[in-house]
Amino acid sequence: MNNYIAQLNESQKEAVLHKDGPMIIIAGAGSGKTRVLTYRIAHLMQQGVDSFNILALTFTNKAAREMKKRIAEIVGQSEAKNLWMGTFHSVFARILRSESEKLGFPSNFTIYDTQDSVRLLSSIIQEMSLDKDKYKPKQVLGRISQYKNSLITVKAYYTNPELLEADRMSGRPKMGEIYKNYVDRCFKAGAMDFDDLLLRTNELLTRFPDVLGKYQDRFKYILVDEYQDTNHSQYLIVRALADRFENICVVGDDSQSIYAFRGANIQNILNFQRDYKEVSIFKLEQNYRSSQTIVNAANSVIENNQSKLDKTIWTQNDKGDMIKIMRTLSEGDEGRFVASAIFEDQMRHQLSNDQFAVLYRTNAQSRAIEDALRKKNIDYKIFGGLSFYQRKEIKDTLAYLRLILNPNDEEALKRVINYPARGIGDTTMNKLTVAANELNKSIFEVIENIDVVNLQLNTGTKNKLRDFVLLIKSFQAEAQTLNAFEIAELVLKKTKLVRDIEKDGTPEAISKVENVQELLNGIKDFIEVQKEKEEDDSLAVFLIDVALATDLDNDKDDKPRVSLMTIHLAKGLEFPHVFIVGMEENLFPSAMSMNTRSEVEEERRLFYVALTRAEKQVYLSYAQSRYRWGKLVDCEPSRFLEEIDEQFVQQIAPKQPQFKQNSFIDSDIFGETPPETVRFKKPIGVKRKEAPKPIKKASPVQGNFKRMHQVKMDIPEGPFATKLKVGNFVIHGKFGKGEVLAIEGNENDQKAEIKFENGEIKKLLLQFAKLKIVN
DNA sequence: GACGACGAGCTTTTT
DNA sequence: GCTCGTCGTC
């Protein structure tokens, strides 16, 4: 176990062995970052640093768990136990739990998830009689989230003329008022939203110097992973805590910053050297994960970004296979391509399912892939999407548990006060809400005092309300002696919640009941695990875990499965074979992120992240048409496809039978296909002379390009490429006007060397270059 | 107040 | 195409 140093390369070793003081590790994709972090922590401990004094902040719970496991393997389970390691949110949620009363929050404060926050904002907007279309709850929440992440409190908001003006200009002059109400209501409910966990931590550390001092002393060594994705609020917490010892080690890669949309500030990593004196800088540039082809292709893509730190990723690995690009007809067709490619690779190379991952830009894309995999009997697992804990039946059950710990939790109360139905309807709730606002009390407190408060409610309703309060209070009394599992069981029995679900009798109802059962099992597991680790197994801690849970670890069965997830979720993971699907304009890059250069650059970094997940093989696919919002729309190939240096890519074509007339019958788009889409498909299949092979090169002219080059519409007979001659002037969507200097390659794979107005000479693959001839 | 039918809006990504 | 919220009826 002492031999761990020997497993490191020179720069990794330096980073691990570096002594005290601020340091930054710029770690390229696949450069052994996790290894350096874990070894560094283990090394600190072997040098005599008490694990109690180390704080390691990771980006996901999963990363924390894995790292902790690996550290335990080096230093031993009992040594690693005191190590404080987790996400910003979970670490500071726990700290806040023991300090929250200083801020006026109960120690059993609730954590509102996004859904809770949106619902609360909806009611506030409604109560204020504002236009729901101008003040869309989700957007309002996004705005408030921005304020909070920038540490703009309600007070700061009102003294900031620019913000006031910006919101007024965007037609939302009441933003400040909504913000204030939202914060007040959360406070009254004893609830913090995700952003509050950071904001309130900052408040705690600023307002209470003794508390700050306590944690500064405790966390003598602080390590932050994925530093490029920290927001301002997180940045300030780290700065404050590290201020005493300055033993701060941040690890990150600016090229993998993909969370600007939720306030991540890439400047945090770019400016780290300015924040501290005498920063030691380490660069990990050797990639151990991917083939040369993949590393170089990814480099050629990220080259297109202007703002980045100077580093060059290289690898000694084999050259590896070309990146394969596949055009498909529809999302269903794309799914079938993925499924059969996985099937064929498995046959050819004896690979198991867990060697494959399918990555996509949006969760909605998973459906088509799932269908295709299921038809081919390929086991898969989906990460993300609607999490287990967000299902209605689970949230309802959890709402009761939340109420037991914190009866002021308004969102939990509204969820279950009339579920299962007990005759407390909207009218009553409206009266209660108005009263609660007027009296500055929570709804639960109003109900507790229902006999004192003069609300126009009839006796029957009052009795029902009293019964509800009594029910919750009886649970609270029982919770004194019962553990989390027993209390959950009791709640389900007393409220008859399961029976209410069952009476539906539908197949969905059965699965819902199973889910509730699964939740109970989860609570049981939780108690056992916590006991084993000698950690707090209270209901309160369970609810914190649940609120911040993301990756459901349904690794229950150990069957190898194909992984399906968004690219965001794939960060930090690696797979031998990776499919990146939906490589289309408006999807990737997303239509919402094409307005500014920096938005497109973030999308490009996202593509970079996707590419660098792969060890051996990357497949890129796009569909010519796809259902979006229930409508079939035509799609163009993504601009990112042409940004990959063409020497690393290879266009592959679908199998012949796909184009036979009868194959349209089982195609998704049969019957809905606009005539011209069909017309464009035929020539390709007909033109091919070679015998159909599993994989072969395609003709340069392909149906879907009709919209990109109107020119081609007139010449359906011959390939566009043959029309282009040396000396032609062309217009390119990104590079502008240019002159064709040379054309090379065979008919199937033609490239043109073009000198553009800005002086740059580019070699473009004619299949992807969006060129228009102007002379 | 409960329940079913209908329509609007939605899809960017997550703690 | 799906989900959530609103509206109308009982």
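Reminder, nothing fancy here: chain letters follow the sequence lines and each chain counts from 1.
To the nearest angstrom, C1' of C/dG1 lies 12 Å from CG of A/Asp371. Between the CE atom of A/Met583 and the C1' atom of B/dT12 there is a distance of 15 Å, rounded to whole Å. Rounded to whole Å, the distance from CD on A/Glu602 to P on B/dT13 is 13 Å. Across the protein-nucleic acid pair, A/Asp195 atom CG and B/dT14 atom P stand 15 Å apart, rounded to whole Å. Protein atom CE of A/Met429 is 17 Å distant from nucleotide atom C1' of B/dA2, rounded to whole Å. In this structure, the CZ atom of A/Arg626 is 12 Å from the C1' atom of B/dT11, given to the nearest Å. Per the geometry, CD belonging to A/Glu585 stands 15 Å off C1' belonging to B/dT12, to the nearest Å. Note: NZ (A/Lys464) to C1' (B/dA2) measures 12 Å, nearest angstrom.
For the OP1/OP2 pair of B/dC10 and a distance below 4.0 Å, the side-chain nitrogens and oxygens of A/Lys136 include at least one atom meeting the criterion. Listed pair A/Thr566 / B/dT14 meets the phosphate criterion, a side-chain N or O lying under 4.0 Å from OP1 or OP2. Contact annotation: A/Lys571 side-chain N/O to B/dT14 OP1/OP2 distance is not under 4.0 Å.
Residue contacts for A/Lys392: at a heavy-atom cut-off of 4.0 Å it reaches no nucleic acid atom on any strand shown. Using a 4.0 Å heavy-atom criterion, one finds that A/Ser593 contacts the bases of the nucleic acid, with or without backbone contacts as well. Contact annotation for A/Thr427: backbone-only contact, meaning every heavy-atom pair under 4.0 Å involves sugar-phosphate atoms and none involves a base. Counting non-hydrogen atoms under 4.0 angstrom, A/Tyr259 reaches the backbone sugars and phosphates but no base. When heavy atoms are screened at a 4.0 angstrom cut-off, A/Asn418 is found touching the sugar-phosphate backbone but no base atom. Among the atoms of the strands shown, base atoms are found under 4.0 Å from some heavy atom of A/Thr114.
Results of the side-chain contact (heavy atoms from CB on, under 4.5 Å) test with A/Val238 over A/Leu55, A/Leu57, A/Thr230, A/Asn268 single out A/Leu57 as the only residue that passes. Put simply, the residue from A/Glu603, A/Glu585, A/Glu584 that forms a side chain to side chain donor-acceptor pair (under 3.5 Å) with A/Arg639 is A/Glu585.
Here the side chain of A/Lys138 is nearest to one of B/dT11, B/dT12, B/dT13, namely B/dT11. For A/Asn363, the side-chain atoms get nearest to B/dT14 when compared with the rest of B/dT14, B/dG1, B/dT11. With C/dC2, B/dT11, B/dT13 as the choices, the nucleotide that has an atom nearest any side-chain atom of A/Arg361 turns out to be B/dT13.
A donor atom on one side chain and an acceptor atom on the other are not found under 3.5 Å apart for A/Tyr147 and A/Asp195. Of the N and O atoms on the side chains of A/Thr461 and A/Asn458, at least one donor lies less than 3.5 Å from an acceptor on the other residue.
Looking at residues two or more places apart in sequence or on another chain, you find a ring-ring contact (aromatic ring centres under 6.0 Å, His included) between A/Tyr227 and A/Phe272.
Of the two residues near DNA chain B, A/Ile424 and A/Ala364, the one whose nearest nucleotide lies more 5' is A/Ile424. When each of A/His568 and A/Gln139 is assigned the nucleotide of DNA chain B with its nearest heavy atom, A/Gln139 is the one assigned upstream, toward the 5' end.
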Going through the checks in order, is the ring-ring contact (aromatic ring centres under 6.0 Å, His included) test met by A/Phe588 and A/Tyr622?
CA-CA 10 Å; A/Phe588 192 19; A/Tyr622 59 92; over 10 Å; no

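Stacking between A/Phe261 and B/dT12 is absent: the aromatic ring centre is not both under 5.5 angstrom from the base six-membered ring centre and within 30 degrees in plane angle.
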